[in-house]
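For reference, the structure discussed in these notes is given below.
In this chain, residues are counted from 1 in sequence order.
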Amino acid sequence: MKRKSSSIILAIFFMLTFFKVTYAQPAYEDANSSASCGIKNILLIGVDGENLERYNRSDTMIIMSIDQENNNIKLTSLGRDTYVDIKGHGKEKLTHAYAYGGPDLLIETINNNFGLSIDRYATVNFSSFMKIIDLIGGVEVEVTENDVEALNQFIKICYNLYPQEKDIELIDSAGTYNLNGYQALAFSRIRYQDSTDARNSRQRMVVKGALDNLKKSGISGYIGSLNIILSGVKTNLTPSEIVILGYKALRIGTDNMKTLEFPYYKEEVRLKEAGWVVLWDKDKNLELLDSFMYN
């Protein structure tokens, strides 16, 4: 039964914030591969607004794979502009699936196009993302010189989305920072100074930073903060799944974390009917995805 416990993760996250719910232990095995034993996949979703049901697009889509046998966590970012078949809507950008039919249609689209069998997800919106990041004490990330100007522009926007008691805090220069909620959301959204792939990389950085900060608080801190975290997340993970898989994810940590930008073999083109989209080589990409997630 789906639960609305009210960005994934980026999430999922993503988000991170995603990461909290992502630790859930699904009572299933991903049947996509014979090598899938011991691997749990959860889709971390961050929508570009406040509606968790549908209508907003899923700008952040990260598959978090928890591999208990090999003691590592893998993050696979799915490109928002990937040109895919969406049931009932024809060829569209992947990001539109959530707007049309919420997480169910998005998961169905991902499974049908990428040969997966994911059935667990966690979605955050802008507000819940910022609250969760603040709750876990922020996230540590590397800000490059190329990021600073664009980041500060988005910090001003995100600061106004989430009522603050303190004055706005901008980033003065490149370096390592522990970002608060609105700063982390801004960091996860910027892309026009470089590329969508670079933004996806920053989102994975936020997920990793959230997991690192949560691990510092220990399993008791994780359990103690679950009620607040889940109040802003839409997920179909059960409470027992969240606790059990969360514990396993915390034990694994991020030292061996691996990441993938998907699709990898691709070409960005402008189509009259769809605008800028990512065309991808199906055979090469699906072989790479299966190898990354299961081998």
Side-chain angles (χ1 to χ4, degrees), residues 4-23 44-53 55-62 64 75 77 80 98 103 121-143 147-148 150-171 176-191 199-214 216-217 221-222 224-235 242:
K4 181 176 180 179
S5 322
S6 175
S7 83
I8 49 135
I9 276 285
L10 298 166
I12 248 232
F13 74 45
F14 114 321
M15 212 157 198
L16 65 170
T17 161
F18 301 143
F19 128 75
K20 292 282 191 169
V21 283
T22 67
Y23 302 172
L44 311 181
I45 308 166
V47 295
D48 64 349
E50 293 300 299
N51 200 315
L52 291 170
E53 300 297 332
Y55 307 119
N56 283 128
R57 296 167 297 183
S58 52
D59 271 1
T60 299
M61 294 165 284
I62 298 175
M64 175 180 252
L75 301 179
S77 293
R80 67 183 300 281
Y98 199 102
Y121 72 87
T123 303
V124 292
N125 57 20
F126 286 168
S127 296
S128 57
F129 176 87
M130 291 187 284
K131 290 177 181 177
I132 293 173
I133 295 299
D134 283 339
L135 178 66
I136 64 175
V139 289
E140 186 174 288
V141 302
E142 284 288 335
V143 177
D147 295 334
V148 174
L151 175 57
N152 283 327
Q153 291 176 355
F154 266 99
I155 283 178
K156 295 173 184 177
I157 296 172
C158 296
Y159 176 85
N160 292 324
L161 293 176
Y162 183 38
Q164 304 291 324
E165 297 179 359
K166 300 179 180 180
D167 292 337
I168 188 170
E169 297 179 42
L170 301 178
I171 301 300
T176 301
Y177 292 88
N178 191 73
L179 303 183
N180 62 31
Y182 65 82
Q183 291 172 331
L185 178 61
F187 185 74
S188 300
R189 295 181 66 189
I190 58 174
R191 70 182 170 114
R199 178 173 70 170
N200 290 346
S201 178
R202 286 187 285 271
Q203 292 170 353
R204 295 193 298 271
M205 199 184 305
V206 170
V207 174
K208 180 182 181 299
L211 182 53
D212 287 338
N213 252 16
L214 192 59
K216 294 176 184 177
S217 67
Y222 169 68
S225 56
L226 276 178
N227 284 341
I228 298 176
I229 291 170
L230 293 178
S231 66
V233 176
K234 178 178 175 60
T235 180
I242 293 172

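- Rounding to the nearest 0.5 angstrom, the gap separating the CG atom in Asn200 from the CD atom in Gln203 is 5.0 Å.
- Here the shortest heavy-atom pairing between Ser77 and Arg204 reads OG-NH1, 2.7 Å.
- In terms of heavy-atom proximity, Val139 sits nearest to Ala184 at CG2-CB, 3.8 Å.
- Taking CD1 from Ile133 and OG from Ser188, the interatomic distance works out to 7.5 Å, rounded to the nearest 0.5 Å.
- Glu142 pairs by the side chain to side chain donor-acceptor pair (under 3.5 Å) definition with Thr176, not counting sequence neighbours.
- With sequence neighbours excluded, the residues forming a side-chain contact (heavy atoms from CB on, under 4.5 Å) with Ile157 are Phe154, Arg189, listed by chain and number.
- Rounding to the nearest 0.5 Å gives a distance of 11.0 Å between CG of Leu179 and CG of Leu185.
- In terms of the side chain to side chain donor-acceptor pair (under 3.5 Å) criterion, Ser58 has no residue partners (sequence neighbours excluded).
- Atoms OH and CG, from Tyr182 and Leu161 in turn, are 12.5 Å apart once rounded to the nearest 0.5 Å.
- For the pair Asn213 (side chain) and Gly138 (backbone), a donor-acceptor distance under 3.5 Å is present.
- Distance CZ/Arg202 to CE/Met205: 7.5 Å, rounded to 0.5 Å.
- For Asn56 (side chain) and Leu52 (main-chain N/O), no donor-acceptor pair under 3.5 Å exists by modelled atom type.
- Residues forming a salt bridge (Lys or Arg N to Asp or Glu O under 4.0 Å) with Arg80 (at least two apart in sequence, or on another chain): Asp59.
- Residues Ala186 and Ile155 come closest through the heavy atom pair CB-N, 3.5 Å.
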**Message:** Set out, in order, the CA-CA distance, both residues' side-chain angles and the distance that settles side chain to side chain contact (heavy atoms under 4.5 Å, CB included) for Ile62 and Val207, then state yes or no.
**Reply:** CA-CA 9 Å; Ile62 298 175; Val207 174; 3.9 Å; yes
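- Taking Asp134 as the reference, Tyr162, Asn180 meet the side-chain contact (heavy atoms from CB on, under 4.5 Å) condition, with sequence neighbours excluded.
- In this structure, CZ on Phe126 lies 5.5 Å from CG on Asp48, to the nearest 0.5 angstrom.
- Counting heavy atoms from C-beta on, the side chains of Asp212 and Lys208 come closer than 4.5 Å.
- Looking at residues two or more places apart in sequence or on another chain, you find a side-chain contact (heavy atoms from CB on, under 4.5 Å) between Val143 and Val141, Asp147, Val148, Leu151, Ile171, Tyr177, Phe187.
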